[in-house]
Number of protein chains: 2
Amino acid sequence: MKYTNQRIEILEFLKEFDGHPTVDDVYEGVRKKLTRISKATVYNNLRFLAEKGLIKDVNIKGVSRFEANLVPHHHIICIGCGRISDYESEELTDYSLKIAGDIEGFEVETTDTNFYGFCKECKED
Amino acid sequence: MKYTNQRIEILEFLKEFDGHPTVDDVYEGVRKKLTRISKATVYNNLRFLAEKGLIKDVNIKGVSRFEANLVPHHHIICIGCGRISDYESEELTDYSLKIAGDIEGFEVETTDTNFYGFCKECKED
DNA sequence: ATAGGTGCAAACTTTTTGCTAAGGG
DNA sequence: CCCTTAGCAAAAAGTTTGCACCTAT
C-alpha cells in the first residue's frame with residue numbers, strides 16, 4: 001500500500017475527528033490542507049482504507065460514516081438528531097462474544113451493539 | 001393512515017419474505033401482484049412505514065434493507081456474502097438494556113447487536 | 001521504472017420530489 | 001367530498017469509473 005499525501009491526510013483527519021464524519025465531512029476537512037483533492041479520491045480512499053481494515057465504515061440511517069477507532073466499542077444513536085457517540089464496554093463485548101459461541105455454523109469475528117434512543121437535547125422536545 | 005393496495009402488498013410481502021429484502025427486492029416482489037406499481041411508491045411507502053414503526057429499516061453495508069419482524073432481535077452478518085440472519089436472544093437484549101441504564105443523559109429505547117463473521121459456505125473459502 | 005494513485009468529468013445508482021389523476025375514509 | 005396517495009418523470013444526492021497524468025516505492 002502506498003502512503004500518498006491524500007491517504008495520510010484522510011487517516012489523520014479521521015483520527016483527530018471527534019465523532020463519525022460523513023464522506024462530505026471528510027472531504028471538507030481534508031480540503032483545508034489539500035485544497036486540490038477531489039471527492040472521488042476521498043470516496044476511493046475511504047473505501048480502500050475500510051477494506052484494508054484501517055478504518056471502519058459505520059453505516060447508520062442510510063448514511064456512510066467513518067471512524068478510525070478500531071478498539072471494539074458500541075454506538076449510541078439518537079433517533080432525534082442522528083448524533084452518534086461511541087460507548088466502550090468490554091463487558092458487553094465479552095458477553096456478546098460468549099453468546100456468539102452458540103451460533104451454529106457461523107464463525108463470529110466481531111460484534112457491536114447499538115443503543116437507540118434520545119439524547120439530552122432531544123429528550124426535552 | 002390509508003390502507004391502499006400498494007401499502008398492504010408491501011407490508012404483506014415483507015411479512016412473508018424470509019430475509020432482509022432491499023428496495024429492489026420489494027419492488028420486484030410486489031410487482032408480481034401489482035404490475036403497475038412504481039418504484040417511487042415503493043420508496044415512499046417503505047420510508048413511510050418505517051417512520052410509522054410498522055417495519056424496520058436495517059441499513060447494513062450501505063444498503064437499505066427492510067424487515068417486518070418487530071420482535072427485538074439481533075443480526076448475524078456474513079462479511080463474505082453479505083447475507084443477514086436474525087438471531088433472537090432475549091437474554092442479550094436484557095443484558096444490553098441493563099447496561100443502557102448506566103449511560104448518562106441518554107434515554108435508550110431499543111438496542112440490538114450485530115455479529116460479524118463468516119457463514120458456513122464462506123468459511124470454507 | 002512502474003505499479004498504483006490522483007484529479008476531473010462523466011456515468012451510474014439510489015432516493016426524493018413535483019405534478020396530475022385517482023381512490024380511501 | 002376532501003385529503004392522502006399513486007404513478008410518472010425529472011431532479012437531486014450519493015457513489016463509481018475511465019482516462020491521462022503523476023508519484024511513492
Side-chain angles (χ1 to χ4, degrees), chain A residues 1-14 17 19-68 77 79 81-82 84, chain B residues 1-14 17 19-68 77 79 81-82 84:
Chain A
M1 133 164 200
K2 282 192 184 176
Y3 282 89
T4 62
N5 271 337
Q6 292 80 344
R7 214 158 262 180
I8 291 164
E9 286 300 334
I10 288 171
L11 265 174
E12 207 53 38
F13 176 82
L14 283 173
F17 193 95
H20 301 77
T22 62
V23 174
D24 271 357
D25 293 335
V26 177
Y27 176 59
E28 291 305 333
V30 172
R31 214 145 68 107
K32 283 175 190 157
K33 283 197 176 174
L34 299 174
T35 48
R36 290 183 46 74
I37 196 170
S38 83
K39 203 177 254 188
T41 297
V42 174
Y43 269 103
N44 289 335
N45 274 315
L46 287 172
R47 182 156 38 101
F48 175 89
L49 293 168
E51 275 164 11
K52 290 282 174 196
L54 294 176
I55 63 173
K56 271 181 68 186
D57 182 341
V58 184
N59 201 290
I60 290 169
K61 259 195 173 181
V63 186
S64 264
R65 294 174 173 276
F66 299 86
E67 63 179 11
I77 301 148
I79 304 168
C81 60
I84 304 162
Chain B
M1 130 166 204
K2 285 191 183 179
Y3 280 92
T4 62
N5 270 337
Q6 291 81 347
R7 217 160 257 181
I8 290 164
E9 286 301 334
I10 289 171
L11 264 174
E12 207 53 40
F13 176 82
L14 283 173
F17 193 95
H20 301 76
T22 62
V23 174
D24 270 359
D25 294 334
V26 177
Y27 176 60
E28 290 305 332
V30 172
R31 214 146 66 107
K32 282 174 191 156
K33 285 198 176 173
L34 298 175
T35 48
R36 291 182 45 73
I37 197 171
S38 84
K39 202 177 255 188
T41 297
V42 174
Y43 268 103
N44 289 335
N45 273 316
L46 287 172
R47 182 157 39 98
F48 176 88
L49 292 169
E51 276 165 10
K52 290 284 173 193
L54 293 176
I55 64 173
K56 271 182 68 186
D57 183 340
V58 184
N59 202 289
I60 290 170
K61 259 194 171 182
V63 187
S64 264
R65 294 173 174 277
F66 297 86
E67 64 180 10
I77 301 148
I79 304 168
C81 60
I84 304 160

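Bear in mind that the values here come from a model prediction, so they are computed numbers and not experimental data.
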Show the nearest heavy-atom pair for residues V23(A) and F66(A), with the distance to one decimal. CG2-CE1, 3.8 Å
What is the distance, to the nearest angstrom, from the CG atom on D24(B) to the P atom on dT15(C)? 9 Å
Does T41(B) have a side-chain nitrogen or oxygen under 4.0 Å from the phosphate oxygens OP1 or OP2 of dG7(D)? yes
Verdict with supporting geometry, E9(A) and F13(A), side-chain contact (heavy atoms from CB on, under 4.5 Å): CA-CA 6 Å; E9(A) 286 300 334; F13(A) 176 82; over 6 Å; no
Assign each of I37(A) and S64(B) to its nearest nucleotide of DNA chain C by heavy atoms, then name whichever residue's nucleotide is nearer the 5' end. I37(A)
Would you mind building the protein contact string for nucleotides 19-24 of chain C? One character per nucleotide, 5' to 3', B for base within reach (heavy atoms under 4.0 Å), S for sugar-phosphate only, - for untouched. ----BB
Run the side chain to side chain donor-acceptor pair (under 3.5 Å) check on D25(B) and T22(B) step by step: do they pass? CA-CA 5 Å; D25(B) 294 334; T22(B) 62; 3.2 Å; yes
Rounded distance in Å - CG (L11(B)) to P (dT5(D)): 13 Å
Find the distance between OG1 (T41(B)) and CD (Q6(B)) and round it off to the nearest 0.5 Å. 6.5 Å
Establish, with yes or no, whether the OP1 or OP2 oxygen of dG7(C) is under 4.0 angstrom from a side-chain nitrogen or oxygen of Q6(A). yes
K39(B) NZ - dA11(D) P separation (whole Å): 19 Å
How long is the straight-line distance from CG of L46(B) back to CD1 of I10(B), given to the nearest 0.5 Å? 5.5 Å
With a 4.0 Å cut-off on heavy atoms, is V23(B) in touch with a base, just the backbone sugar-phosphate, or nothing at all? sugar-phosphate
Pick the closest DNA chain C nucleotide for M1(A) and for M1(B) by heavy atoms, then say which residue is nearer the 5' end. M1(A)
Please list, by residue number, the residues of residues 42-59 of chain B whose heavy atoms come closer than 4.0 Å to an atom of DNA chain C; answer none if no residue qualifies. Y43(B), N44(B), R47(B)
In this structure, how many angstroms lie between the P atom of dC21(D) and the CZ atom of R36(A), rounded? 15 Å
Between P on dT5(D) and CD on E9(B), what's the gap in Å once rounded to a whole number? 17 Å
Verify side-chain contact (heavy atoms from CB on, under 4.5 Å) between K39(A) and D24(A), making sure each step is shown before the conclusion. CA-CA 8 Å; K39(A) 203 177 254 188; D24(A) 271 357; 2.7 Å; yes
How long is the span from the CG atom in L14(B) to the CG atom in N45(B), to the nearest 0.5 Å? 10.5 Å
Which residues within residues 27-35 of chain A lie with some heavy atom under 4.0 Å of an atom in DNA chain C? none
How many angstroms lie between OH in Y43(A) and OG in S64(A), if you round to the nearest 0.5 Å? 8.0 Å
Can you check side-chain contact (heavy atoms from CB on, under 4.5 Å) on M1(B) and R7(B), steps first, answer last? CA-CA 10 Å; M1(B) 130 166 204; R7(B) 217 160 257 181; 3.7 Å; yes
Dump the intermediate steps for side-chain contact (heavy atoms from CB on, under 4.5 Å) on F48(A) and L54(A), then the final yes or no. CA-CA 9 Å; F48(A) 175 89; L54(A) 294 176; 5.9 Å; no
Salt bridge check, D57(B) against R47(B): does any charged N sit closer than 4.0 Å to a carboxylate O? no
